[in-house]
Amino acid sequence: MEKLKSSLTAKIIAMILLCVIGVAVIMCGAVVSEVYFDGGYEKNYDDYYNEEMLRTAERNLHNLYNGYDEKWYEYDESMQKSNLRYNVYELLPDGKEKLVYESLKKGQETIAQTSLYYVNFEYKDGGYENEGLFDKFSHDSIIKNSKQNKDLKAVRSFRVDGFVLPLTVKDNIYENTQLAKVLYNLRYAAMVICGVSVVIVVILFCFLMASAGHKKGEEEIYLNFIAKLPFDALTLIVGAAGFACILFGDAVLPHFNMAVSMIGACAAAAAAVFAVTLYCMCFAARIKKGGFICGVWKSCLLYKFCMWIWKWIKKFFGFCAKYIKAFFLYLPASIRPMAVVAALMLIDVLMLAFNGYELDNQMVWLFISRILALGGILYLLTCFKKINQGMKKVAEEGESCCIDTKHLYGPLKEQAENLNNISAGINNAVAEKMKSERFRTELITNVSHDIKTPLTSIVNYVDLLEKEKPENEKMKEYLEVLSRQSARLKKLIDDLVEASKASSGSLPVNLQKMELGVLLQQTAGEYQEKMDEKGLDLIVTQPEEKTEIMADGKHMWRIFDNLMNNISKYAMQGTRVYIDLEKRDGNALVSFRNISDKRLNVKSEELLERFVRGDSSRNTEGSGLGLSIAQSLTNLQNGEMELSVDGDLFKVTLKFKTI
């Protein structure tokens, strides 16, 4: 099928068949319609034949009457050479008839007869007007009413009796009756031929539409030189060709005999079918090529003319808008609203002056101007709302702001663009900070891992040396220092790795139900001996009922361990350390309070950062990671950690939701 659609020979054959069979459809359809409307499917042959003869005779008589002359009935030269004769009677006011013209000789044989009524009006200025053909009743009423018209000079009415002689002359009566015989005999055959031809025409037309735009050797849709013409120009050409065919069939063919007229009618019908089919093929090819908009509409000369007009309109209004905008932007921001209001007031004054004292027009213009002003206010409010929502998103949620500036103009558009630029700058800064933080975390993790491998070897060899039990006291002292410092370094590296994992959220968290009071008692028991060595009085307060939360026991122990270790290092000797557990508003609150040994010169927010220590002289052991790790682990378990420093009072509060 694809090869057939691309074959030029197949298209030519299909086009020829379509034209030939299309002519058959037109001719057979004309036969069927002619016979049907003349009653040929209901009447017998004689009645149909006689009625066609009388219709032609009456048509000839009517053409004779249309002479617009007082002596119209004397123009019978053409009638003498035909099978038609007529007598004209003038209808007098007294009801009698007067024979005014006679073309039928006495004793002539006739085969059909008809009568027609006509009315002529003669006006006072000498002109005539033919009222036309009427029946007897309408004719009498027209005569009666015309007598009341003062502009009429005279009114004359006629009856024309037409007679058809035996058809010995080959005039239009003879030809039409002969044609009536043929049509009557072909009436049923024409129906069958017309039906079959319509089916074939539809098939051929569909094939030509499907093959339109296909060419052998071309994968894409191909447009020939006719299809490349502007579509509206092609439409005018095809329309002109169709009008020429109709004009040819109506004005030229009747002057020839029947055989020539039939050949000419078939040729005109074939040309019309060819032109319409070719037009439809061009339309189908353009639709396949680019759709209706791109393929058809944009190829029209009308479209190009409209676009040319639109381009100049845009240039004109753009030119005006450019200078108006420049003038508007030149004004200070506080003056611009006043300028807009003044312009509207000036337009109101001009329109009211133009309308004069017509109150209705003035009210209409005022109503229209207020509607326009209301639309402008609604537009401004919508723009302000859009900009405000973008600012709110940046301020509250910290999200990126991308305000659509498509329908914003002037200062509003500039403000939205500036806000988008600010948001983009903030996002870039945050992205750079996150990148730096991620790089630092990865660096700490990688370096800690690289240090941990040789450190493990050092710890193992120190342990082996200690097992050898050296006798030299200096060597024992050195080994103790190595063991202590390597353990400290190992602890520092473990804290670094855990801090980086906790801050990045990569530590696994297994939330389970646990009793917070039991964990506090265990922690206090673990650190009781160390508290006693430091001279610290540990006081634990908790409610009698259970306080259960969802937490990871391992991470909770590390939080309490870091906080207690921090207290044991920095609390003042001889003071009390308070650990309080309470339930409040569906939350479990755990607070650690102690008095610092030395003055704290840093803010509470800084203490939560990594590598920051309360001991600025760094005389005590510690990495400055304990509080940071505790906060990260608390956040991983959906809790909150708050640190406050009030003079020498150091307080940490943990908050978790209770079950």
*Can you tell me which residue pairs pass the salt bridge (Lys or Arg N to Asp or Glu O under 4.0 Å) test with a partner in residues 581-590, sequence neighbours excluded?*
E582-R584
*List the steps and the verdict of side chain to side chain contact (heavy atoms under 4.5 Å, CB included) for L223 and K289.*
CA-CA 8 Å; L223 299 179; K289 184 74 174 179; 4.3 Å; yes
*How long is the gap from CH2 on W312 to CZ on F316, to the nearest 0.5 Å?*
12.0 Å
*Rounded to the nearest 0.5 Å, how far does CG of D648 lie from CD1 of I595?*
6.5 Å
*Does D597 have any salt bridge (charged side-chain N to carboxylate O under 4.0 Å, His left out) partners at least two apart in sequence or in another chain, and if so, which?*
none
Side-chain donor-acceptor distances from residues 291-300 under 3.5 Å, at least two apart:
| unit_1 | atom_1 | unit_2 | atom_2 | d |
| --- | --- | --- | --- | --- |
| S299 | OG | R286 | NH1 | 3.4 |
| S299 | OG | V296 | O | 2.7 |

*Is there a side-chain contact between F650 and L643 (heavy atoms, below 4.5 Å)?*
yes
*For residues A630 and N562, report the shortest heavy-atom separation together with the two atoms involved.*
N-ND2, 4.2 Å
*Take atom CD in E529; do more than 12 heavy atoms of anything else shown fall under 6.0 Å from it?*
no
*asked:* Taking the side chain as everything from C-beta on, heavy atoms only, tell me whether I559 gets closer than 4.5 Å to Q637.
replied: yes
*asked:* A side-chain contact here means heavy atoms from C-beta on lying under 4.5 Å apart; do K651 and D646 qualify?
replied: no
_Residues N635, Q631; criterion side-chain hydrogen bond (donor to acceptor under 3.5 Å, both in side chains); working and verdict_ = CA-CA 6 Å; N635 294 336; Q631 185 185 39; 5.1 Å; no
*Taking the side chain as every heavy atom from C-beta outward, state whether L563 and L627 have any atom pair closer than 4.5 Å.*
yes
*Measure across A284 and A212 and return the closest heavy-atom pair with its distance rounded to 0.1 Å.*
CB-CB, 4.1 Å
*Report yes if the side chains of M550 and N638 come closer than 4.5 Å at any heavy-atom pair, otherwise no.*
no
Anything under 3.5 Å between a donor and an acceptor, one on a side chain of residues 517-525, the other on a protein residue two or more places apart or in another chain? List them.
| unit_1 | atom_1 | unit_2 | atom_2 | d |
| --- | --- | --- | --- | --- |
| Q521 | NE2 | Q542 | OE1 | 3.0 |
| T523 | OG1 | L519 | O | 2.8 |

*asked:* Applying side chain to side chain contact (heavy atoms under 4.5 Å, CB included) to M564 and F592, what does each step give before you reach the verdict?
replied: CA-CA 8 Å; M564 293 299 294; F592 297 80; 3.9 Å; yes
_Minimum side-chain heavy-atom gap I221-H214 below 4.5 Å_ = yes
_Interatomic distance, L581 atom CG to T541 atom OG1 [nearest 0.5 angstrom]_ = 9.5 Å
*asked:* Walk me through whether Y527 and D561 qualify under side-chain hydrogen bond (donor to acceptor under 3.5 Å, both in side chains).
replied: CA-CA 9 Å; Y527 276 88; D561 180 54; 2.3 Å; yes
*How many angstroms lie between atom OG1 of T575 and atom CZ of R593, to the nearest 0.5 angstrom?*
12.0 Å
*S632 (side chain) donor-acceptor with I629 (main chain) under 3.5 angstrom*: no
*Heavy-atom closest pair, residues L536 and G574*: CD2-N, 4.3 Å
*State, yes or no, whether a side-chain contact exists between L589 and L654 at a heavy-atom distance under 4.5 Å.*
no
*Partners meeting side chain to side chain donor-acceptor pair (under 3.5 Å) with E640 (sequence neighbours left out)*: none
*Tell me, yes or no, whether the heavy-atom count around K534 atom NZ, taken from other residues, nucleotides or ligands under 6.0 Å, exceeds 12.*
no
*asked:* Apply side chain to side chain contact (heavy atoms under 4.5 Å, CB included) to residues L538 and I579 and explain how you reach the verdict.
replied: CA-CA 8 Å; L538 182 60; I579 302 178; 3.7 Å; yes
*Just jot down the side chain to side chain contact (heavy atoms under 4.5 Å, CB included) partners of K554, sequence neighbours excluded, or say none.*
D552
*Quick one: pull up CD1 in I309 and NZ in K311 and give me the separation to the nearest 0.5 Å.*
10.0 Å
*Between N587 and T658, is a side chain to side chain contact (heavy atoms under 4.5 Å, CB included) present by the stated rule, with each step listed?*
CA-CA 5 Å; N587 296 312; T658 58; 5.6 Å; no
_Shortest non-hydrogen separation from M572 to S596 and the atoms involved_ = CE-O, 3.6 Å
*Return the minimal non-hydrogen interatomic distance between S211 and K288, and the atom names on each side.*
N-NZ, 4.2 Å
_Separation of H555 NE2 from N510 CG (nearest 0.5 Å)_ = 8.5 Å
*Under a 4.5 Å cut-off applied to non-hydrogen side-chain atoms, are E515 and T547 in contact?*
yes
